[in-house]
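Working notes, structure below.
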Amino acid sequence: MITVRRLTPDQLEDYLDFFDHRAFSDGSPFYPCYCSAFNMSRERIQQEFFRQAEINGGGNDGWKKALRDSAVHMVKNGEIQGYLAYEDDLAVGWCNANDRLNYCRVGEFDLSAVPPDESCDNCQCRGQVKSVVCFEIAPEYRGKGIATLLLETVCRDALSEGYMYMEAYPATDEGLQGLAFTGPKRLYEKAGFKVTAQKGGILVMRKQLDRIIAACGNDCSACPRYVVHPYEKTDGELRYTAELWMKIGYRDHLVTNEEISCTGCKPENRCRYHVVRCCKEKGISSCAQCELYPCDNMKKCFEVTKSFEPDCRRACTEEEYNQLKKAFFEKELNLKKL
């Protein structure tokens, strides 16, 4: 079974093992590569790759050590971001995905002729566009849908992180030497991306990420409990959420995965504020459409929700808190935007 995990510094050895032994085991001309140059200025590439390779003694060994050492530093510092695909505990695939403004360049390029550093003319701030710049799948695992699974995971997480758009940069043809390491156009088309621009032989493809705002203002697409397609969660993810719910006091015992899973609000569901039932009776889809908004009931809902926030901030990691904030603590803001 193939699973996908976000790259963290703890997975550095898996990352290196993949690029050392499986990513290019078919004799790819791109070997050695550790998928770091997208994040590096041209000056930094000259320093950390070319000059360091000479210091290392030159040749293939000196070049590989320079690339590898640089990647080690960048993974530890969180500069390289993305996702590894695993079969059991063996890394068999990789997708480089990051905030657009963390890249110095996108699209295919050759390290023998690194293009100038480029600014982004269609992204105004961080947190707006999540970019996918590279895929690498172990040769024996290609054609099994792993790139699609990686892309689905990136899109799902980008939405939960509050990004507005996904962007990708496939080549107009089959890519350098027919290898299309930025991903083929058809992969992105299947995922709902559309061509918005062309820069030389590189297409810019974009997908708008649609949030799912509940009647009360909760963002279901950011909720770690929400399991409706394409937001399915693994058993491990649901177990983690159940433990989180107990840690922050939302439950007084560890519930099952079935109990923690949510498929969306329904009138018959338990809700202390009966928001969905009220909206159904009024023939509206959210409180934002109600002429009485904000009623006393919703004011109380906002007040109680905010009362949980300080405890969540204390008990959670930064990543956990940010997800809960997007899912639950921005109700009023979400409703104002509707």
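Positions are given from 1, in the same order as the sequence printed here.
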Take Arg22 and Glu87 through the salt bridge (Lys or Arg N to Asp or Glu O under 4.0 Å) test and state the conclusion after the steps.
CA-CA 13 Å; Arg22 281 177 298 286; Glu87 182 178 57; over 6 Å; no
Using modelled atom types only, decide if a donor and an acceptor are shared between the side chain of Gln323 and the backbone of Ala222 within a distance under 3.5 Å.
yes
Taking Thr182 for the side chain and Gly107 for the main chain, is one N or O donor matched with an acceptor at less than 3.5 Å?
no
Crowding at NZ, Lys144 (>12 non-hydrogen neighbours, <6.0 Å)
no
Does Asp89 come within less than 4.0 Å of Arg5, counting only side-chain N to carboxylate O?
yes
Could you tell me whether the side chain of Arg105 and the main chain of Met40 form a donor-acceptor pair under 3.5 Å?
yes
Give a yes or no on whether the backbone of Cys134 and the side-chain of Asn96 come within a donor-acceptor separation of less than 3.5 Å.
no
Do any N or O atoms from the side chain of Gln289 and from the backbone of Ser286 form a donor-acceptor pair under 3.5 angstrom?
yes
Please say yes or no: joined through hydrophobic side-chain contacts below 4.5 Å, possibly via intermediate residues, are Val154 and Leu159 part of one cluster?
yes
Applying side-chain contact (heavy atoms from CB on, under 4.5 Å) to Leu187 and Thr148, what does each step give before you reach the verdict?
CA-CA 7 Å; Leu187 170 69; Thr148 296; 3.6 Å; yes
For Lys76, all residues meeting side-chain hydrogen bond (donor to acceptor under 3.5 Å, both in side chains), sequence neighbours excluded
none
Can you establish whether the number of heavy atoms outside Asn60 located under 6.0 Å from its atom CG is more than 12?
no
Ser25 side chain to His21 main-chain N or O, any donor-acceptor pair under 3.5 Å?
no
Which of parallel (below 30°), tilted (30 to 60°) and perpendicular (above 60°) describes Phe49 and Trp63?
perpendicular
Enter the distance from Gln208:CD to Phe193:CZ here, rounded to the nearest 0.5 Å.
12.5 Å
Taking the basic N atoms (NZ, or NE/NH1/NH2) and the acidic carboxylate oxygens, is any pair closer than 4.0 Å for Lys247 and Glu320?
yes
Below 4.5 Å, heavy atoms only, C-beta onward: do Tyr86 and Asp14 meet side chain to side chain?
yes
For the rings on Phe38 and Phe109, is their centre-to-centre separation under 6.0 Å?
yes
Sidechain-backbone polar pair: Asp17 side chain, Glu13 backbone, donor-acceptor under 3.5 Å
no
Quick one: salt bridge (Lys or Arg N to Asp or Glu O under 4.0 Å) pairs with a partner in residues 124-133, sequence neighbours left out?
Lys130-Glu161
Just verifying a value: how many Å separate Tyr103 OH and Asp117 CG, rounded to the nearest 0.5 Å?
15.0 Å
Please verify the inter-ring angle class for Tyr15 with Trp94; under 30° counts as parallel, over 60° as perpendicular, anything in between as tilted.
perpendicular
Quick one, Asp20 and Arg68 - any side-chain contact, counting heavy atoms below 4.5 Å?
yes
Under a 4.0 Å N-O cut-off, is there an ion pair linking Arg239 with Glu243?
yes
Which pairs count as salt bridge (Lys or Arg N to Asp or Glu O under 4.0 Å) when at least one residue sits in residues 31-49, sequence neighbours excluded?
Arg44-Glu48, Arg44-Glu79
Can a salt bridge be assigned to the pair Glu189 and Lys207 using a cut-off of 4.0 Å between side-chain N and carboxylate O?
no
Note: Glu332-Lys306 ion pair, threshold 4.0 Å (strictly below)
yes
Within the distance-only criterion (no hydrogens, no angle test), does the side chain of Asp219 pair as donor or acceptor with the backbone N or O of Ser221 below 3.5 angstrom?
yes
Is there a side-chain contact between Cys35 and Ile80, using heavy atoms and a 4.5 Å cut-off?
no
Salt-bridge present (Arg100, Glu118; N to O < 4.0 Å):
yes
Report the C-alpha separation of Tyr321 and Arg313 in whole Å, then their side-chain angles, then the decisive distance to 0.1 Å, and conclude whether the side-chain hydrogen bond (donor to acceptor under 3.5 Å, both in side chains) test is met.
CA-CA 6 Å; Tyr321 169 73; Arg313 190 186 288 272; 2.7 Å; yes
Carefully, step by step, assess Ser131 and Tyr169 under the rule side-chain hydrogen bond (donor to acceptor under 3.5 Å, both in side chains).
CA-CA 8 Å; Ser131 294; Tyr169 316 94; 2.7 Å; yes
If you count the non-hydrogen atoms of other residues, nucleotides and ligands that lie under 6.0 Å from CD in Glu319, is the total more than 12?
no
Is it the case that the side chains of Tyr163 and Asp157 hold a donor-acceptor pair, with the cut-off being a distance below 3.5 Å and no angle test?
no
Passes side-chain contact (heavy atoms from CB on, under 4.5 Å), Tyr250 versus Ile260? Steps please.
CA-CA 11 Å; Tyr250 284 0; Ile260 203 67; over 6 Å; no
State plainly whether one hydrophobic cluster holds both Tyr240 and Leu84, where clusters connect Ile, Leu, Val, Met, Phe, Trp and Tyr through side-chain heavy atoms under 4.5 angstrom apart.
no
Does the Ser70 side chain pair with the main chain of Ala66, one donor and one acceptor, at a distance under 3.5 Å?
no
Would Leu16 end up clustered with Phe19 when hydrophobic side chains under 4.5 Å apart are linked, directly or stepwise?
yes
Less than 4.5 Å apart, side chain to side chain, heavy atoms only: is that true for Val92 and Ile137?
no
For the side chain of Lys233 and the backbone of Tyr226, is there at least one donor-acceptor N/O pair under 3.5 Å apart?
yes
Hydrophobic cluster identity match, Met166 and Tyr83, side-chain contacts under 4.5 Å:
yes
